[in-house]
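Throughout, protein chains are lettered first and strands after them, A, B, ... in sequence-line order, and every chain is numbered starting at 1. Quick note: numbers below take in every heavy atom, side chains included, and nothing from hydrogens, waters or symmetry partners.
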2 protein chains.
Amino acid sequence: MERPMGESAVLANNSTDAAMKSAGTKKSTKTPATKGKIPAASLSREAVVEAVRQSIFQGRLVPGQRLVEAEICEALNASRGNVRTALMDLEHEGLVERIANRGARVRIVPLEEALHIVEVRMAVESLCVARAAERITPEDRIELQALAQQLTEKAEQGDVDGYADTTRSVFETYLRMANQPVAAEVLAKLRARNTRHRYRLTYRKDRAKVSLPYWLEIIAAICAGDPAAAEAALRAHAQNVQETMKALAEAEQPFAGLTPLSG
Amino acid sequence: MERPMGESAVLANNSTDAAMKSAGTKKSTKTPATKGKIPAASLSREAVVEAVRQSIFQGRLVPGQRLVEAEICEALNASRGNVRTALMDLEHEGLVERIANRGARVRIVPLEEALHIVEVRMAVESLCVARAAERITPEDRIELQALAQQLTEKAEQGDVDGYADTTRSVFETYLRMANQPVAAEVLAKLRARNTRHRYRLTYRKDRAKVSLPYWLEIIAAICAGDPAAAEAALRAHAQNVQETMKALAEAEQPFAGLTPLSG
DNA sequence: GCGCTCGATATTGTCAACAATTTAGCCAAC
DNA sequence: GTTGGCTAAATTGTTGACAATATCGAGCGC
């Protein structure tokens, strides 16, 4: 209704490839045959979850957009049951909003909530870096210092993507070091939930210059085995992120509907 | 197979009442009639979630117990689809564990994980009490001081249930004051997830004596508008909880299977 | 006697038809 | 012109049947 047709193609064009990739792993063991009737080997629930999730992350599905079960069915060639459960899964992840009898849509995460998310992340991640600092081993120290070096290089080269990837590696490294699986789980969900807001920050040309000193300080504190300093450094970074997000949102406010992902 | 029969009654006997209560709210508007065929007005998905959740909380379903869809169906008089989605919901809550093609069981939360949960809760709740201390209003102060008074009285009277209820009120109050919906959401899930371990602590006769000073200190710090002190007080409490949980688990280790809920 | 394949059974996963609900358009009445 | 109810269309929710998968036990060869 809202948009008559053809938009389901947005989901189909690029998604099925990625979706099939994860679906292939499943049905590989045995050929179903299915009594001669070929039901087009429809996507499993997990594959649908992944396809829709990626579509949201990559901006093919914009916040607020309606997710009609039947449309997704056709676009991904999946049965409605699978699509339905997939949407429920995504609701639990906080990516999709579902209202009873009224359908699902891509969840809109308002700035205020995004700031709250950063705040909670700050609390949980400060726990993680503190524990990482306490538990650091010589091997970890070498790895972290190498990452610090790499981070500096990427920043100097102006390699935005590489810099973003490396920060993720740092994050994953101290998370592993912290040995806090519950914290890791919580963080994964929170990060997924404000991917969009995070993207706006991460992929800015000048972001590396601002964030590099914060990252280096965090790494230095962990390597020094100083939990308090690590917490402080992480909180400083988080506060900068909050401020920058606010500033960015204000700057973009006038343009309302537009979302210039690649500023 | 494992246990031939009759155990489904464990779920049915007491649960349907509570389940019906929440189901009643839904179907109240209109009588379905359903073409003359009476499908026994089966429980909706949410009602099943609630019934199973309560059964787990109240210990009628013990950790590790298998949750066969068909059995729950019959016990609660719900359709399998609803039971199925309910189990998936509970999986997301961390209460139920589901293995593909092998069914669901009540999740076993090992001591180690329970300690991790307390640690994450400590991080998130310390954020909340700090914010509560920053944002406190005169009305909040009056409310908190009244709760502190009540807490002291219940502890003196040895009213274990009342004391537990009041601590929950304190928790809810500073959570509301903190204005951190995301943190509240995360905490709700974490609390649900180690309900069982928490019960062992909360409902001990002598627990109030130990925890009361911690609670009073937290409240005092919030009322004083001192975020740092509030965080410190909360962390002290959390650490005591961790230590006590460890000690309790060790003490119970010899008795293996038994779970003396009302020690 | 021991291990192994092969069937029987129990249980979960998928699907498509059906029921219920909401929404939008329309006409009538005020 | 606006409000109110009524009907039709679109969409979600539910159910039962069927397919796929894992588990267990019996028979069989070694």
Side-chain angles (χ1 to χ4, degrees), chain A residues 1-5 7-8 23 25-49 65-91 96-105, chain B residues 1-5 7-8 23 25-49 65-91 96-105:
Chain A
M1 273 300 122
E2 251 177 90
R3 322 192 187 190
M5 246 292 188
E7 121 181 35
S8 37
T25 344
K26 196 169 185 187
K27 290 265 179 180
S28 60
T29 43
K30 209 189 228 177
T31 313
T34 331
K35 217 168 48 176
K37 191 180 152 198
I38 300 150
S42 65
L43 265 63
S44 73
R45 173 179 122 235
E46 293 168 29
V48 175
V49 170
Q65 181 165 346
R66 275 192 70 187
L67 299 170
V68 179
E69 294 177 0
E71 281 179 19
I72 300 175
C73 268
E74 198 176 340
L76 296 179
N77 193 25
S79 79
R80 237 193 83 209
N82 284 346
V83 170
R84 196 177 161 65
T85 55
L87 288 177
M88 296 190 330
D89 282 356
L90 291 166
E91 182 185 21
V96 161
E97 182 184 37
R98 265 165 45 93
I99 305 175
N101 285 315
R102 300 217 10 214
R105 53 183 58 212
Chain B
M1 271 299 128
E2 252 176 88
R3 322 191 188 190
M5 248 293 192
E7 123 181 32
S8 39
T25 341
K26 197 169 184 186
K27 290 265 180 182
S28 61
T29 44
K30 210 188 227 176
T31 313
T34 330
K35 216 169 48 176
K37 191 182 155 196
I38 299 150
S42 65
L43 265 63
S44 73
R45 172 179 125 234
E46 293 169 28
V48 175
V49 170
Q65 180 166 347
R66 277 193 68 188
L67 299 171
V68 178
E69 293 177 1
E71 282 179 19
I72 300 175
C73 263
E74 197 176 341
L76 296 179
N77 194 24
S79 78
R80 234 194 84 207
N82 284 346
V83 170
R84 194 175 164 66
T85 57
L87 289 177
M88 296 190 332
D89 283 357
L90 291 166
E91 182 185 21
V96 161
E97 182 182 37
R98 264 164 46 92
I99 305 174
N101 286 316
R102 301 218 10 214
R105 52 184 56 210

What's the [atom1]-[atom2] distance between [X] and [N], to the nearest Å?
X         : N       : atom1 : atom2 : answer
Arg105(B) : dA10(C) : CZ    : P     : 18 Å
Glu97(B)  : dT12(C) : CD    : P     : 14 Å
Asp89(B)  : dG13(D) : CG    : C1'   : 14 Å
Glu71(A)  : dT12(D) : CD    : P     : 9 Å
Arg66(B)  : dA10(C) : CZ    : P     : 12 Å
Glu74(B)  : dA10(C) : CD    : C1'   : 15 Å
Arg45(B)  : dG13(D) : CZ    : P     : 8 Å

- Query: With sequence neighbours left out, what residues match Arg80(B) under salt bridge (Lys or Arg N to Asp or Glu O under 4.0 Å)?
  - Reply: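 Applying salt bridge (Lys or Arg N to Asp or Glu O under 4.0 Å) to Arg80(B) gives Glu69(B).
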- Task: Please name the pair of heavy atoms, one in Cys73(A) and one in Ser79(A), separated by the smallest distance, quoted to 0.1 Å.
- Result: SG-C, 3.7 Å
- Task: List in chain and number order the residues that pass side-chain hydrogen bond (donor to acceptor under 3.5 Å, both in side chains) with Arg102(B), two or more places apart in sequence or in another chain; answer none if no residue qualifies.
- Result: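 Result, side-chain hydrogen bond (donor to acceptor under 3.5 Å, both in side chains) vs Arg102(B): none returned.
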- Message: So, taking the atom named CG in Asp89(B) and the one named CZ in Arg84(B), what distance separates them when rounded to the nearest 0.5 Å?
- Response: 12.0 Å
- Item | Glu69(B) side-chain proximity, nearest of dT11(D), dT12(C), dT14(C) |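 Looking only at side-chain atoms, Glu69(B) lies closest to dT12(C).
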- Task: For Ile72(A) and Leu87(A), run side chain to side chain contact (heavy atoms under 4.5 Å, CB included): C-alpha distance rounded to whole Å, both residues' side-chain angles, the deciding distance at 0.1 Å, then the answer.
- Result: CA-CA 10 Å; Ile72(A) 300 175; Leu87(A) 288 177; 4.3 Å; yes
- Does Thr85(A) have any side-chain contact (heavy atoms from CB on, under 4.5 Å) partners at least two apart in sequence or in another chain, and if so, which? Arg45(A), Met88(A), Met88(B)
- Task: Using modelled atom types only, decide if a donor and an acceptor are shared between the side chain of Asn82(A) and the backbone of Leu43(A) within a distance under 3.5 Å.
- Result: yes
- Message: Let me test you: for the helix from dG1(C)-dC30(D) to dC30(C)-dG1(D), what is the angle between the axes at its two ends (five pairs each), rounded to 10 degrees?
- Response: 10°
- Message: What I'd like to find out is whether the side chain of Val83(B) reaches to under 4.5 Å of the side chain of Leu76(B), using heavy atoms alone.
- Response: no
- Query: Are any of the side-chain nitrogens in Glu97(B) or Arg105(B) under 4.0 Å away from the carboxylate oxygens of its partner?
  - Reply: no
- Passes side chain to side chain contact (heavy atoms under 4.5 Å, CB included), Val49(A) versus Leu90(A)? Steps please. CA-CA 7 Å; Val49(A) 170; Leu90(A) 291 166; 4.0 Å; yes
Please list each protein N or O that sits under 3.5 Å from an N or O in nucleotides 22-24 of chain C, with the distance.
unit_1: dT23(C); atom_1: OP1; unit_2: Arg102(A); atom_2: NE; d: 2.4
unit_1: dT23(C); atom_1: OP1; unit_2: Arg102(A); atom_2: NH1; d: 3.0
unit_1: dT23(C); atom_1: OP1; unit_2: Arg102(A); atom_2: NH2; d: 3.4

- Task: Kindly state which residues belonging to residues 78-88 of chain B come within less than 4.0 angstrom of DNA chain D, counting heavy atoms of the residue only, listed by number.
- Result: Ser79(B), Gly81(B), Asn82(B)
